[in-house]
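Here's the structure we're looking at; comments come further down.
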Amino acid sequence: MSFLSAQKPSLDHSVYDGWQSIGAIVVSNNGKWISFSVNPQQGDSWLFIYDKSNSKLDSVPRGAKQTFSPLNTYLAYQIVPAYSEVRTAKKKKLKEDKMPKNSLGIRLLSSDEKIIIPEVKSFGLPEKKSDWMAYLLEKKTEETKDTSDKPESTKVKTRKPESKGTDLVIYNPVGKKEIRFTNVTEYSVSKDGNSISFLQDFSDTTKIDNFIVQTFDTQKETITKIFEGKGAVKKITVNNPGNIISFLYSADTSKNKVFALWCSVNQQKALNIFDNSSPSLIKNWAISDNGDISYSDDGTRIYFGTSPKPVKEPEDTLLDEEKYKLDIWSWDDDLLQPMQKKQLDQELKRTYRAVYHFDKKSFYQLADTLIPQIRIQRKGNSDFALASSDIKYQKQSSWEDRSYSDYYLVNIENGNRKSIFENTPSLINLSPAGNYLLIYDFEKRAWLSLPVNGGDLKNISSSIEYPLYDELNDTPSDPQPYGFAGWSDDQKHVLVYDKFDLWSLDLAGIEKPVNLTNGYGRKNNLRLRYIKLDQEADFIKNKELIYLSAFNYNSKEAGFFNLKPGKPSDPVKLLMEKAVFSKDIIKPKDVELLYFTKETYADSPDLY
């Protein structure tokens, strides 16, 4: 064979569209069903559904955002319009309400029946124990016909007054049950599947909105009205069990509204639990509708955002063309002008985290304008939070690579703050149990710990002879640490990395560091890293098998190992190949199965 005839076809720009990648991968809780999307660089994607029990593979064109029901009975997914259809509409510069709309697809897993519902704006499923779901339809614009005797060419089509909401359908695809509600603007499906709550907005001739908040009990299949009022209602939020429903309400009909926090417990009538009349709120502050509402997992606390009250703008008597627009900056501004402009919208909508305790009926402001950042631990259950502020050092960030901050420990039970570090570039984390602070010190290039309830700052990695930072860092900046894997469930240890291996550090600083992988990574030139199978877990369990990703610096092979719990030991090789594997392994909730993707320079990504 001649050299020319043996040459591979040359690449040009036309080949890009054929390159494919695997998108979102979801697995049913029982591990029997797997769904994934295959996406081209440009064009229409395909959604695949695989039945592991009989190796049957089915596909749906243009499917996306797929979710299995918690009881493994159906798959719900979005069907997006064809790429060519959307492209044509954009070329015609159609308005948003005239653009092609998404549809909802539902595949019943027991019978392969497919249900297609057109023009669906959004849908939601619970994560546990229910087949009920909800979906919100797109708004339809209706036109009224001119029935006069005028010539057809002179008749004018008028539109009916539009409501702000649209139809919400609460649906059980398995039981073929459906309940429909009109004028819905928001809805929330509880994580545990016990309730679906929603907000209806009815406009009257006075143009004052009348709001109704209702909740559907998925077990009793009953509807309960928990609130009705005129004004404005936003941010309907349900806790995980579905028995607490919260929202923001303002009876004010002006543009600059001041909201109050209302709650309903166990489907009782909603009550105002907190507003700006409270003496514990900062003067001239109020609850902000720009902040998110969340609950602690145990249901004893609700977190929300506050901010200074909106100020009524003076009446504008000038036309746009009569106004002068000018950006004013100074050499001593804390932030550079481009950064100020970029962050302007974010700053105008900034809120500061606060907490309300249901059991004590007490409120505490956790963050404010001086200490704006705060991290809540353990899904809101921890008694302590870590707060920080870089306000004093913003100007310094214009010329320094390091980012400096002040750190505070905030007691969520009483709102008290304790200053723990000032003007530090260190990386600081609070343990999920709230009993230790873990600090990476860039000066010492070491991991330190500090007991929350009092004690000395200790270097807990000093006896490790190997660097815990990026040894190949070649920029004029501090080398970053290799990082930490997580916290041990005994609440006494933390797992960190060197270049190759996994180490356990005693947070009390009494025990010597333990190389859990027994130096296997360094001996074999392997980078070993912990794989988190349960994304909601706060701790790494000491008595469970640990899975590790692996990369060989010499051969460039990659793969997976596992590590037995207990004393240090060599990891057990599961797979090593000259390929690229997904960073995360996907594990179904109810069975011991693992799924991952693999690809090479010659083969597109595939699921295993």
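Please read these numbers as outputs of a predicted model, since none were measured by experiment. This chain uses plain numbering: 1 for the first residue, then up along the sequence.
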Item checked: Partner residues of D489 under the salt bridge (charged side-chain N to carboxylate O under 4.0 Å, His left out) criterion, sequence neighbours left out -> none
Next item on the list: In plain terms, say whether K458 and D506 are close enough for a salt bridge, that is, a side-chain N and a carboxylate O under 4.0 Å apart.
Entry: no
Item checked: Contacts of type side-chain contact (heavy atoms from CB on, under 4.5 Å), residue S419, not counting sequence neighbours -> Y408, E422
Margin query: Suppose we screen for side chain to side chain donor-acceptor pair (under 3.5 Å). Which residues come up paired with E471, at least two apart in sequence or across chains?
Written below: Y482
Note to self: Suppose we screen for side chain to side chain donor-acceptor pair (under 3.5 Å). Which residues come up paired with D292, at least two apart in sequence or across chains?
What the structure shows: none
Under 3.5 Å donor-acceptor pairs involving side-chain atoms of residues 443-457, not counting sequence neighbours:
unit_1	atom_1	unit_2	atom_2	d
E443	OE2	R402	NH1	2.9
E443	OE2	R402	NH2	3.1
S449	OG	L507	O	2.5

Check: Quick one: side chain to side chain donor-acceptor pair (under 3.5 Å) partners of S69, sequence neighbours excluded?
Finding: T73
Margin query: Are there over 12 heavy-atom neighbours, none belonging to K523, within less than 6.0 Å of that residue's NZ?
Written below: yes
Margin query: Suppose we screen for salt bridge (charged side-chain N to carboxylate O under 4.0 Å, His left out). Which residues come up paired with K56, at least two apart in sequence or across chains?
Written below: D112
Check: More than 12 heavy atoms of other residues, nucleotides or ligands under 6.0 Å from NZ of K492: is that the case?
Finding: no
Pairs of donor and acceptor atoms involving the side chains of residues 377-386, under 3.5 Å and at least two apart or interchain, shall be tabulated with distances.
unit_1	atom_1	unit_2	atom_2	d
Q377	NE2	L430	O	2.6
K379	NZ	E536	O	2.5
N381	OD1	D297	N	3.1
N381	OD1	D298	N	3.1
S382	OG	F384	N	3.2
S382	OG	F384	O	3.1
D383	OD1	R301	NH2	2.8

Item checked: Residues forming a side chain to side chain donor-acceptor pair (under 3.5 Å) with D603, sequence neighbours excluded -> T600
Item checked: Residue K191 excluded, over 12 heavy atoms near NZ under 6.0 Å -> yes
Checklist line | Non-hydrogen atoms of R529 and K499 that approach each other most closely | finding: NH2-O, 3.3 Å
Next item on the list: Verify the neighbour count for atom NZ of K52: are there more than 12 heavy atoms of other residues, nucleotides or ligands below 6.0 Å?
Entry: no
Compile the donor-acceptor pairs under 3.5 Å between side chains in residues 555-569 and protein atoms, sequence neighbours left out, one pair per line.
unit_1	atom_1	unit_2	atom_2	d
S555	OG	E557	N	3.3
K556	NZ	Y553	O	2.7

Item checked: Six-ring centre of Y608, K598 cation under 6.0 angstrom, axis tolerance 45° -> yes
Check: With K512, which residues qualify under salt bridge (charged side-chain N to carboxylate O under 4.0 Å, His left out), at least two apart?
Finding: none
Next item on the list: Quick one: list whatever passes salt bridge (charged side-chain N to carboxylate O under 4.0 Å, His left out) with D390, sequence neighbours left out.
Entry: none
